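Below: one structure, written as C-alpha cells.
Here is how names work: the chains are called A, B, and so on, in the same order as the sequence lines, proteins then strands, and each is numbered from 1. Bear in mind that the values here come from a model prediction, so they are computed numbers and not experimental data.
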Amino acid sequence: MSMPDNRLERRQALHEDRRARYERMVEIRALENKVQDLFDEGLVHGTTHLCLGQEAVAVGVAAAARVSDTVTCTYRGHGVALALGLTPVDLLGEILGREIGSIGGIGGSMHLCEPDVGLLPTFAIVGAGIPVAAGAALTAQVRGTDDAALAVFGDGSTNIGAFHEALNLASIWNLPVVFVCENNQYGEYSRIDLTTPVDDIAVRAQAYNMPSEVVDGQDPDNAADAVAAALMRARTGGGPTLIEMKTYRYAGHSRADTAPYRPEGEFERWYEKDPIVNYGRQLVDEGLLSGDDLDAVKTLVDESIAAAVETVLASPAPPMAAMFDNVLAP
Amino acid sequence: MSMPDNRLERRQALHEDRRARYERMVEIRALENKVQDLFDEGLVHGTTHLCLGQEAVAVGVAAAARVSDTVTCTYRGHGVALALGLTPVDLLGEILGREIGSIGGIGGSMHLCEPDVGLLPTFAIVGAGIPVAAGAALTAQVRGTDDAALAVFGDGSTNIGAFHEALNLASIWNLPVVFVCENNQYGEYSRIDLTTPVDDIAVRAQAYNMPSEVVDGQDPDNAADAVAAALMRARTGGGPTLIEMKTYRYAGHSRADTAPYRPEGEFERWYEKDPIVNYGRQLVDEGLLSGDDLDAVKTLVDESIAAAVETVLASPAPPMAAMFDNVLAP
Amino acid sequence: MNQAISAAIADEMRADPDVIVLGEDVAVAEGPFKTSAGLLDEFGPLRVRDTPISEMGFLGAAVGAAATGLRPVVEIMFVEFLGVALDQLSTEGAKFHYLSGGRVTVPLTIRASVGAGLGFGTQHSQTLESWVMGTPGLKLAVASGPASAYGLMRAAIRDDNPIVVLEPRRLYAQREDVTTGPEGVIPLGIARQVVDGDDATIVALGSTVGTTAQAEAAASWSADVIDLQSLQPWDRDTVYESVARTGRLVTVEENPLFGGWGADIVAAVAADLFGELKAPPLRITAPDVPVPFGKELEERYMPSSDYINEQVTGLLHTGRVPSPWWEAEKGSP
Amino acid sequence: MNQAISAAIADEMRADPDVIVLGEDVAVAEGPFKTSAGLLDEFGPLRVRDTPISEMGFLGAAVGAAATGLRPVVEIMFVEFLGVALDQLSTEGAKFHYLSGGRVTVPLTIRASVGAGLGFGTQHSQTLESWVMGTPGLKLAVASGPASAYGLMRAAIRDDNPIVVLEPRRLYAQREDVTTGPEGVIPLGIARQVVDGDDATIVALGSTVGTTAQAEAAASWSADVIDLQSLQPWDRDTVYESVARTGRLVTVEENPLFGGWGADIVAAVAADLFGELKAPPLRITAPDVPVPFGKELEERYMPSSDYINEQVTGLLHTGRVPSPWWEAEKGSP
Ligand SMILES: Cc1ncc(C[n+]2csc(CCOP(=O)(O)OP(=O)(O)O)c2C)c(N)n1
Ligand SMILES: Cc1ncc(C[n+]2csc(CCOP(=O)(O)OP(=O)(O)O)c2C)c(N)n1
Ligand SMILES: [Mg+2]
Ligand SMILES: [Mg+2]
C-alpha cells in the first residue's frame, strides 16, 4: 500500500485501483475530521463546510473523470478536491491561510483550485459552478476534443436559476457535460422537502429533455460507474446527463452547526450505509484487503494528515504583497 | 351592441358576455394594426411588440380573472392590458408618449399599468414578472383572501432562471398563482425549438410537482375555461398551475421586423386557426351574432380606435416636470 | 447587533400585520446570523418564511407582495447574493412606483450582511454599496452598530420605498444598550455626528464608524466624525455644515477606492464648498483588490484605526493626500 | 458603429480560432443591432451561437469557456440584462484569476448596448457603468463611435481579462471611416484627447464625447475634450496633465449624478491636483430619475450640447458650479 503525494499519481490511482478508492475515502474523512478539530481549536479563520459522509461521491467522480476534463465544485469541496488529486497539504494549507496552500492562502476553505487535475476555482455562490461547467464543455465541443466537464453541486442548488439555465443550455447545445447533484438531504439547516417539491432531483432533467439517473452515492464504484457512463455519452456526442447521487451530510452545514434540526435516528439510518465501512467490508469480502489492511490504511492516512498539519503549520502566512498579485492577468 | 369605456365595465363584460369577448379580440387586433401604422408613420418613439394572433389568450385570461386578482405581463402586453379593461386611449396615449396615457407617457409601449383592474406595471425584462406574480399570490395567502395572481409570459421566458425559481417557490408554498405561458412559437427571431429542448412547455411543471396543461390558445372560451379552472384550484388552496397556451405571433418580434425567418406556409397554417375568424364564425353558428353583427363590430371598433387616436394626438406630451414625479413614494 | 435587528423587526411586526419576513433559514433557524430570533415563534409560519435558495425568486416575490400591500423584510444572507437577484431590486422594484404613475408603492426592506473581517473569503466579504448606488427609486442605509441597526431597520420597514439596509457582519456580535420604541427610530437620510472636533470632518459608514471614532480618540488631532447612516439619499446638510467649519474632508470606506461611495461625497463637497477647503479631500479606503482570505491580509485590507490616524495626521501635517499603505507594499518585492 | 463592431470581431475571429461569439439572436439574425453581421456565414455555427434567453447561463458558460481556453465575445443586448447575470461577471469571472493563484485566466469580452435616446423606456435606457465599477479584476471600456468601438473591441478580445465594453446604442447608426487592422487597435486604459483647448478639461465617455465636442465647437470658450475610452482602469496621466494645464475639470455623463463615474474622476483630481484647480470641479449629468419615455423628456434627460455649453460657460463666468437645469424645472409646479 502506498500513498502517492504527486497529484497526478494520486488521481491515476483512483482509476486503476479500488484499494486506492478506499484509501482516498479514508483520507477525506480523516482530513475533514481534522479540519473540524482545527476549527474547534480556533486555528481556522472563517468557515468550513465538511463533506463527511459524502466521500464516495467525491471519489466516484474523480475515478471516472480524467485530468483533461474540467470540474466545477462548491465550497463543500474538500472531498472532491482531494479525490481529484490535490494533496492534504494543498488543502490544509489553504484552509489555514498559509502560503503553502492551494492558492497561497488567498482563498481559504471555499476557494481551492488546481488546473493540473482539472479543478477550476471552487464556488462559494450556490449554483454558480453549473453554467461554468457547461462552458468548459463548450470549449471541448468547439475545439473538437473528446474532453468533458463535470459540475458537482448540492440538492439545494437545483432551486436556483443558474441550474435551470445551465441545463437548458447544455441540452440545446448537446454539450459534453455531466451534472452531478450531491443530494445530501439538506441545504444549510433546511431539509430538502421544505424547499424542493420533488422527491428526486433527477426528474428535473425532464424539463430539458435530458437523461438522468438516481444513483446510490454511498458506494464509490457505483458512483464512478454512473459518472463514467455519462461521461462516455458526453464524449461521444450524446450530450449532457443529470446524475443525482443520494448521499448524506454527517456534519452540520458549516462551522459550529451541530445539526439540531435533524430528526432522531436519521443519522444512524444513513450511517448504516456508510461508504467507508461498507466499502472496506466489501473489499475484505472480495479478498482485496484484509482487516489488518483496513487498519493499516487508517494508520497511514492519520500519519499523513498529521504530517500535513505539521508542514502547514510550519508554513508562513502569505506575504502582505500577495493580495496584490493576480488581480488582473498581465 | 355597446362598447363601454369604463374600465371596470369593459372588464365585467368579458365575464358575462361572449359577444364582448369577440369584440375585445377585434379591438385588440385593430389597435395593434393601428400601432403598426403609427409606427410606420414615424409617430411611435421607440419600439412596439404586437400581439396580433394572440388575442384569444389575452381575452381568455381577462375573462377568467377578477379585478381583485393581480396580473403581471410582458412588453407584449397591449392585448392583455386592453382585455383587462384598459381603454384604447390608455394604451395609445402611453405608446405615443402623451400625458393621457396609462402612466402619463412616462413608460411607453412596454410599461402599462392599471391597479384598478389588477395590472401591475408591465415588464420589459424577460421573466421578471413571473416571481412578482408569485409575490402577489403570497399577499393573498398571508391575508387569507381568496384572490389569486396570474403571470403571463412567453415561451422563451421559460428558459430564464426567474421562471424556474418562481415556479419552485409557488409550488413549495402552495401559492394561489396561475402561470400562463403564451407559446407563440418564437422568442425574438428564434423558433422555439432552437432554444428550448422540449416540445411542450407544460412538461416543465413536472420539475416542480405542479399540475400543468396544454391549451389551444386560439379560442378565447377554451383559454378562459382553462384559466378559470386553475384559478379555482388556486383560490381553494390547491396551489399553482402552469398553463401553456399554444398560439402564434402574426407579426415580427418588434418594430420593423417582418419575420423573414419564418418558414414558408407557417403563418398560413396558423391563420386557419385565427381566433377572430373562428370565434366569429362560431358565434354566428350559435346564433349569438349575425354576419352583419360581425361587420358592425368591426366598424364600431375601427371608429372607436380612430377616435382614440384622435383624442391621443390632441393630448399634450407630459410636462418636463413629470419626469421628477414618482421617483420615490412620499 | 443581531439582537437589535431581531427586535426592530419584531416591533414592526407587532405594529403592522402586513410586515412579513422572508429568507434562507430565517424562520426555523432564526437566521444564519440570528437576526430573526424569536420571529417564527411569535408570528408564525405564514409571516416568517424559509425560502428555497433562489434569491431572484424570493426577492421578486417580495416585490410582488410589496406591490400588493404587504411590507416584506427580505434577508440576503451575504450581499454578494444580490448578484443573482439584482434585476428584481434595481430594474423592477425600484421602478414600479415610477412606472405606475405613483399608484403602486413597494414598501420593501432588503437586509444584507456585508464586509470583511470574519474570514469568509473573496466571494463573501465585500460591501458592494456600488451595486445599489446610482439607482433612482432605491434608498440605501448602512448600520454601524446595534442602536443604528435598530433605528434604521424600523425606519426602513415603515418607509414606502424599496430600501437596502446593509449590516456589517462583524458587528453582529457587538452589544450595547439600545433605545427601543419610537424614540429609537432613526429617520432615513439623516447623518449622525458621533464625535465633535475641529481639524477635519471625517465621514464614515457602517463598519468604519467605530474604527474612525477609535482613531479620533487616540489621535493628536480632533475631528467631527459623522456616521452617514443613509447613503441614498445622503445628508448633505450635516456634512456641509461640518466641512464648512473644519475645512477638511476625509471619507473612510471599507471598499476599494475605485467605485466607492466616498467619491460621491468628495465630488459634491469639492464642487459646492470649493473655496472653503483648506486641504485636499482624502479618501481612506481598502485597496483595489478582491478581499483576500489570509487572516493578516484580510485585517490589513480593512482600514484600521491606526491607519486612519496615520492618514489624517499625514494630511494635517503636509497639507497633501498621503500615499495609501499599499503603495509601499506593492513596491516591495 | 455596428459595422465597425462586426468588423472588429471578425478580424479577431480570423486571427484566433479560439474567439467565439454568443448571445441572443447574434448568429442567424446577426444581432438585434446588427453588430455581428456576416459572422455566422464566415465562421459557422460552432463559433457563432444563438443562445436561449438566459443571460446567467450563457454568461456563466462564457466564463467557463474562457477559463478553459476560448476567448468568448458575449452580447448582452441591453446592459440592464446584466441584472440577471451579474454574479457570473463580478463574483465569478472577475475573481477567477485571483482565486486560482494566477493560473486561470478569463479572456472574456462582454458587449452591452447602453443609453437613452431611442425611446426604449425606463428598463432599456440606462448606462449602468456603476454596476461594473468597483470590481477589481474587471476592465471596463466605453465606445464613443465607430473607430473607438473597433479599436476598443479588438483590444478587449485580445486581453486576457474579463472586460465589459459598453456601446451607446444611439451611435450604432453612426458612420465614419475606420482604420482597421493593427493600427486601428486602441489600447485599454488610455484616454484620447479629442479637442485641444485652454479654459477647461472636459472628460467625456461614450455618448457624451460627441455631444461635448459639439458643445466645445460652438462655445465662446475652448477646452481639452478627453474621451476617457477606458473607465477601469482610467487614464490618470492624460487627465491630470490636462487639468494641470487648464486648472478646471468638468465631467459629462449620461447617467444620474449620484453613483456616476464622474465622481471618481473628480475625487481623484480634487485630491491629487488640489492646489491647481482654479474653479470647482463640475459634473454635468442626467438627473437622479429613472429614464423617462416621452420623447421630449428623454431628450432633455441626456445632457445636450447646448446644456453642456451653458454649464461650462456658467462655471467660467462665475467661478462656481451652476445649478443643473432641473433645479428650476422641479421648482416650477
Ligand atoms: C446564491 C447563494 N445563496 C445562498 C448562499 C448561502 N448558502 C451557502 S451553502 C447553502 C446551502 C446549499 O445547499 P446545497 O446546494 O444542498 O449544498 P450542500 O451545502 O448541501 O452541499 C446556502 C444557502 C450562497 N452561498 N449562494
Ligand atoms: C433578461 C432579458 N433578456 C433578453 C431580453 C430581450 N428580449 C426581449 S423580448 C425577447 C423574446 C422573448 O420571447 P418570449 O418569452 O417567447 O416572448 P414573446 O416576445 O414571444 O412574447 C427577448 C430575448 C429581455 N428583454 N430581457
Ligand atoms: Mg445539500
Ligand atoms: Mg414567444
Side-chain angles (χ1 to χ4, degrees), chain A residues 70 72 101-107 110-116 118-125 127-144 147 149 151 160-173 175 177 322-330, chain D residues 17-20 22 44-47 49-72 74 84-85 87-88 90-108 136-139 159-163 188-189 232-233:
Chain A
T70 299
T72 68
S102 164
I103 61 162
I106 288 294
M110 303 208 282
H111 299 298
L112 308 165
C113 175
E114 184 47 69
D116 282 353
L119 182 64
L120 287 182
T122 55
F123 293 80
I125 304 293
I130 311 176
V132 172
L138 177 60
T139 298
Q141 189 182 67
V142 169
R143 290 187 165 170
D147 288 332
I160 206 160
F163 165 82
H164 174 72
E165 298 190 8
L167 268 71
N168 187 67
L169 193 72
S171 176
I172 200 81
W173 285 355
L175 294 176
V177 53
M323 81 168 86
F324 303 98
D325 295 338
N326 308 314
V327 177
L328 289 170
Chain D
D18 285 330
V19 177
I20 62 165
L22 308 180
L46 211 54
R47 292 177 66 195
R49 293 179 178 235
D50 287 329
T51 61
I53 310 173
S54 50
E55 281 80 2
M56 183 73 90
F58 67 77
L59 184 46
V63 168
T68 51
L70 298 185
R71 308 184 83 82
V74 174
V84 302
D87 178 68
Q88 285 292 341
S90 302
T91 312
E92 318 307 334
K95 294 175 172 57
F96 262 38
H97 193 62
Y98 202 65
L99 291 180
S100 66
R103 293 172 66 202
V104 173
T105 55
V106 182
L108 168 62
L138 283 184
K139 295 186 177 181
D159 196 283
D160 275 340
N161 294 287
I163 307 183
L188 299 172
Q232 190 157 329

Ring pair (Phe, Tyr, Trp, His ring centres under 6.0 Å) filter on A:Phe123, not counting sequence neighbours, yields D:Phe96

Go through it in stages, so that I can follow the logic: the residues are A:Arg143 and D:Asp18, the test is side-chain contact (heavy atoms from CB on, under 4.5 Å), and I'd like the CA-CA distance, side-chain angles, deciding distance and then a yes or no. CA-CA 8 Å; A:Arg143 290 187 165 170; D:Asp18 285 330; 3.1 Å; yes

Highest number of heavy-atom pairs under 4.5 Å with chain A among D:Ala66, D:Pro162, D:Gly57 belongs to D:Gly57

When the 4.5 angstrom heavy-atom criterion is applied to A:Asp325 and chain D, the contacting part is backbone

Ring pair (Phe, Tyr, Trp, His ring centres under 6.0 Å) filter on D:Phe58, not counting sequence neighbours, yields none

Comparing A:Ala166, A:Cys113, A:Gly104 against chain D, the one with the most heavy-atom pairs below 4.5 Å turns out to be A:Cys113

So, the part of A:Leu138 with a heavy atom under 4.5 Å from chain D: the answer is both

Closest heavy-atom pair, A:Glu165 versus D:Glu55, reported as atoms and distance to 0.1 Å, is OE1-N, 3.7 Å

When the 4.5 angstrom heavy-atom criterion is applied to D:Ile20 and chain A, the contacting part is side chain

Note: vs chain D, highest number of non-hydrogen pairs under 4.5 angstrom among A:Ala322, A:Gly107, A:Ala128, A:Pro330 is A:Ala128

If one checks every heavy atom of A:Asp147 against chain D at 4.5 Å, the contacting part turns out to be neither

When the 4.5 angstrom heavy-atom criterion is applied to D:Thr91 and chain A, the contacting part is side chain

With chain D, the option among A:Ile125, A:Leu120, A:Asp116, A:Leu169 that has the most non-hydrogen atom pairs under 4.5 Å is A:Ile125

Greatest number of non-hydrogen atom pairs under 4.5 angstrom with chain D, of A:Leu328, A:Val327, A:Leu119, A:Leu175, falls to A:Leu328

If you tally heavy-atom pairs under 4.5 Å between each of D:Ala85, D:Ala94, D:Gly137 and chain A, the highest tally belongs to D:Gly137

Chain A shares the most heavy-atom pairs under 4.5 Å, among D:Asp87, D:Thr105, D:Leu59, with D:Asp87

For A:Ile172 and D:Pro52, the nearest pair of non-hydrogen atoms, with its separation, is CG2-CG, 4.0 Å

Using only atom types and a distance under 3.5 Å, with no angle test, would you say the side chain of D:Tyr98 pairs donor to acceptor with the backbone of A:Met323? yes

When every non-hydrogen atom of A:Gly135 is compared with those of D:Thr68, the smallest separation belongs to O-OG1, 4.3 Å

Residue from A:Ile106, A:Val132, A:Thr72 scoring the most non-hydrogen pairs under 4.5 Å with chain D is A:Val132

Turns out that what part of A:Ala133 lies under 4.5 Å from chain D's heavy atoms comes down to neither

Most heavy-atom pairs under 4.5 Å with chain A, out of D:Arg49, D:Lys139, D:Lys95, belong to D:Arg49

